[in-house]
Amino acid sequence: MHCCILKMGFENDVFVGASLINLYSRFRGLDSAYKVFVEMPVRDVGSWNAMISGFCQNGNAAEALDVLNKMKGEGLKMDKVTVSSILPVCAQSNDVVSGLLIHLYVIKHGLEEDVFVSNALINMYSKLGRLQDSQRVFYYMKVKDLVSWNSIIAAYEQNDVPTTALGLFKEMQFVGIRPDLLTVVSLASILGQLSDETVSRSVHGFVMRHEWLEKDVVIGNALVNMYAKLGAMDCASTVFEHLPLRDIISWNTLITGYAQNGLASEAIDAFNKMEQCENIIPNQGTWVSILPAYSHLGALQQGTKIHGRLIKNSLYLDVFVATCLIDMYGKCGWLDDAMSLFYEIPRETSVPWNAIISSLGIHGHGEQALQLFKDMLAEGVNADHITFISLLSACSHSASNRLLEVDSDNVGYYVLLSNMYANVGKWEGVTKVRSLARDRGLSKTPGWSSVVVGSIVEVFYTGNQTHPKCIEIYDELRVLTAKMKSIGYVPDYSFVLQDVEEDEKEQILTSHSERLAIAFGIISTPPGSPIRIFKNLRVCGDCHNATKYISRITERDIVVRDSNRFHHFKDGICSCGDYW
DNA sequence: TTAGGGTTAG
């Protein structure tokens, strides 16, 4: 075709050039596309954009950025298409600085009005884990299309905030936008995360009625994953067996499902079956799915065989794969091998440290585990909650005081430990850590919230029962909670750290200081007027979610200033993007 | 010439 174009004398036409670049980068390879690009006698912004998006769509982030820099070098300015093409590259290469600079450029040149540009910004921020920025872009968009909604729903789903993602899905339907296949892929993942079996089944039915399984392998994989997350492996495997299309991710999803539901033998059977399929090549995801199954069964021989295979392609140096190997050697009793592998791989994140600390713990080497924890901090690696769980189990013989000796003045560790105990229902642990913190003079500040009504500032402490309008306040909260529940609010009891029954947990959440202040604001000011709250600590996560519902039900703007930031709640959405 | 999706360790 290129020859025909040359014969017909169209080679100088920039539109033809851009189309050729586009066509070649999709079907013929980037080399051919780049050849057309460099041989073009005249290039306009469109030609550069075609080349940038060509590199980007094929995952060549570095080359895409290189072309962009050359384009700038020739004095050409980015337009809305350039920006939309380059933003996914920033996400791919985890380049926050470039992403922010391009966003500034967008604002300076008024490009945020373009729906492609804004959608690309939502997606980039989401992939960089900056949910708050995604939310802000979405919030200020004047025109939102299906892609905008899919992007913001996927953003919350992928950053593990499924409740908000589901709320946005409902809102999308409320404003009259019909879901497409990509919406349902996110929805399946949301329902798996929320363990909602009833709605999950109806989503499965919806997909079947639309015959989407024949259309795209991704939706089938999403359904297998959804059932696996619900613990319904019989349904997951039935869906898998009937998939018209299967790729490596379908297999990985099935294997992971079995392994994570404690069915290690079934995971290994599935892996062996997969090995029989000629066109399926295992990838990193396969190894991190199957290795834990071998660890679980103590199947060292099969595990070392996999290690051998991985040495040939250097995949054993991948931090996730290596962590699985460390864990396997640790669990199978080969601590020396676990240690030597640990010192061979990159250790910038907590992931491999957690695995080796946990391995040392299994073998009763509490002291050595503690030493590694110190080394980890000395190397500037941040500990996370898994580190503490690993350390706690490692130090179980010597149950956690030793852990607090490392940094005994850091009140955060006490709160973290106490929350960890609370989450697993070990209330005696909670009491012990709290009294330890109290003994050391590290008490937690009591939370209070204030609200201004007229010229008077009212202050509420959590659980206040003495305010003159106490009865009205709690009545208002009861009515609000019922309305909130009718439109999807589910109380999140993980924010209640007391060992009490569920109805009591709900009462505790309802009597948080910020909620009392909001309720007082509602009953004391004219309908529709804004409410301003100040909280001395960070606002509780469940109260944050509840306030979104309250802003929608009461049609009021609610501004909460907490110790961390401003939250502006309006029509069911918070300006902070739920990432505070 | 432009934007969106599925699996994964501790």
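Just so you know, these numbers use all the heavy atoms, side chains as well, and skip hydrogens, waters and symmetry mates. Chain naming here is simple, since letters A, B, ... match the order of the sequence lines and numbering starts at 1 in each.
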[atom1] of [X] versus [atom2] of [N]: gap in Å, rounded?
X	N	atom1	atom2	answer
Asp327(A)	dA9(B)	CG	P	11 Å
Met226(A)	dT7(B)	CE	P	13 Å
Met233(A)	dT7(B)	CE	C1'	12 Å
Gln92(A)	dG5(B)	CD	P	11 Å
Leu111(A)	dT1(B)	CG	P	19 Å
Ile102(A)	dT2(B)	CD1	C1'	13 Å
Lys331(A)	dG10(B)	NZ	C1'	8 Å
Phe240(A)	dT7(B)	CZ	P	15 Å

- Message: Under 4.0 Å, counting only non-hydrogen atoms across every strand here, what does Leu291(A) touch: a base, just sugar-phosphate, or nothing?
- Response: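 Here Leu291(A) touches no strand at all.
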
- Quick one: label Ser186(A) by what it contacts on the DNA or RNA (base, sugar-phosphate, nothing), any heavy atom closer than 4.0 Å.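 Nothing, no nucleic acid heavy atom in range.
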
- Where do Lys229(A) and Gly192(A) come nearest, in terms of heavy atoms and distance?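 Heavy atoms only, the tightest pair is CB-O, 3.7 Å.
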
[X] side chain: which of [options] is closest?
X	options	answer
Gln57(A)	dA3(B), dT7(B), dG5(B)	dA3(B)
Val351(A)	dA9(B), dG5(B), dA3(B)	dA9(B)
Lys127(A)	dT7(B), dG5(B), dG10(B)	dG5(B)

- Pairs satisfying ring pair (Phe, Tyr, Trp, His ring centres under 6.0 Å), at least one member in residues 127-168 of chain A, at least two apart: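 Ring pair (Phe, Tyr, Trp, His ring centres under 6.0 Å) check on residues 127-168 of chain A returns Phe138(A)-Trp149(A).
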
- Message: For a quick test of reading the model: is some side-chain N or O of Asn225(A) closer than 4.0 Å to OP1 or OP2 of dT7(B)?
- Response: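 Asn225(A) to dT7(B) OP1/OP2: side-chain N or O found under 4.0 Å.
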
- Between Lys229(A) and dT8(B), is there a side-chain N or O to OP1/OP2 distance below 4.0 Å?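 Yes, Lys229(A) has a side-chain N/O under 4.0 Å of OP1/OP2 on dT8(B).
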
May I have the list of side-chain donor-acceptor pairs in residues 322-332 of chain A shorter than 3.5 Å, sequence neighbours left out?
unit_1	atom_1	unit_2	atom_2	d
Thr323(A)	OG1	Val319(A)	O	2.6
Asp327(A)	OD1	Lys331(A)	NZ	3.2
Asp327(A)	OD2	Lys331(A)	NZ	2.9
Tyr329(A)	OH	His307(A)	ND1	2.6

If you look only at distance, which donor and acceptor atoms sit under 3.5 Å apart when one is on a side chain in residues 267-274 of chain A and the other is two or more places apart or in another chain?
unit_1	atom_1	unit_2	atom_2	d
Asn272(A)	ND2	Ile268(A)	O	3.4

Using a 4.0 Å cut-off on heavy atoms, which residues in [range] reach DNA chain B? List them by number, or say none.
range	answer
residues 281-288 of chain A	Gln284(A), Gly285(A), Val288(A)
residues 247-260 of chain A	Asp247(A), Ile249(A), Asn252(A), Thr253(A), Thr256(A), Gln260(A)
residues 75-84 of chain A	Lys80(A), Val81(A), Ser84(A)

- Message: Applying side-chain contact (heavy atoms from CB on, under 4.5 Å), can you list everything that pairs with Ala91(A), at least two apart in sequence or on another chain?
- Response: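 Scan of Ala91(A) (side-chain contact (heavy atoms from CB on, under 4.5 Å), adjacent residues dropped) gives Met124(A), Lys127(A).
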
- Partners of Phe240(A) by side-chain contact (heavy atoms from CB on, under 4.5 Å), sequence neighbours excluded?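 Phe240(A) satisfies side-chain contact (heavy atoms from CB on, under 4.5 Å) with Val224(A), Leu243(A), Arg246(A), Ser250(A), Trp251(A), Leu254(A) only.
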
Just distance, no hydrogens or angles: give the donor-acceptor pairs under 3.5 Å from side chains in residues 200-209 of chain A, sequence neighbours left out.
unit_1	atom_1	unit_2	atom_2	d
Ser200(A)	OG	Asp196(A)	O	2.6
Arg201(A)	NH2	Glu197(A)	OE2	2.9
Ser202(A)	OG	Val199(A)	O	2.8
His204(A)	ND1	Tyr227(A)	OH	2.8

- Query: Can you list the residues that meet the salt bridge (charged side-chain N to carboxylate O under 4.0 Å, His left out) rule with Asp114(A), with sequence neighbours excluded?
  - Reply: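 If we apply the salt bridge (charged side-chain N to carboxylate O under 4.0 Å, His left out) test to Asp114(A), skipping adjacent residues, the hits are Lys80(A).
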
- Between the side chains of Ser47(A) and Asp44(A), is a donor N or O closer than 3.5 angstrom to an acceptor N or O?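 Yes, a side-chain donor-acceptor pair sits under 3.5 Å.
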
- Going by an N to O cut-off under 4.0 Å, is there a salt bridge joining Lys35(A) and Glu39(A)?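 A salt bridge is present here (some side-chain N lies under 4.0 Å from a carboxylate O).
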
- Query: For Ser237(A), what residues pass the side chain to side chain donor-acceptor pair (under 3.5 Å) criterion, not counting sequence neighbours?
  - Reply: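 Side chain to side chain donor-acceptor pair (under 3.5 Å) check on Ser237(A) returns nothing, list empty.
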
- Task: Apply side chain to side chain donor-acceptor pair (under 3.5 Å) to Lys77(A) and list each qualifying residue two or more places apart in sequence or on a separate chain.
- Result: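 Partners of Lys77(A) by the side chain to side chain donor-acceptor pair (under 3.5 Å) criterion come out as none, since no residue qualifies.
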
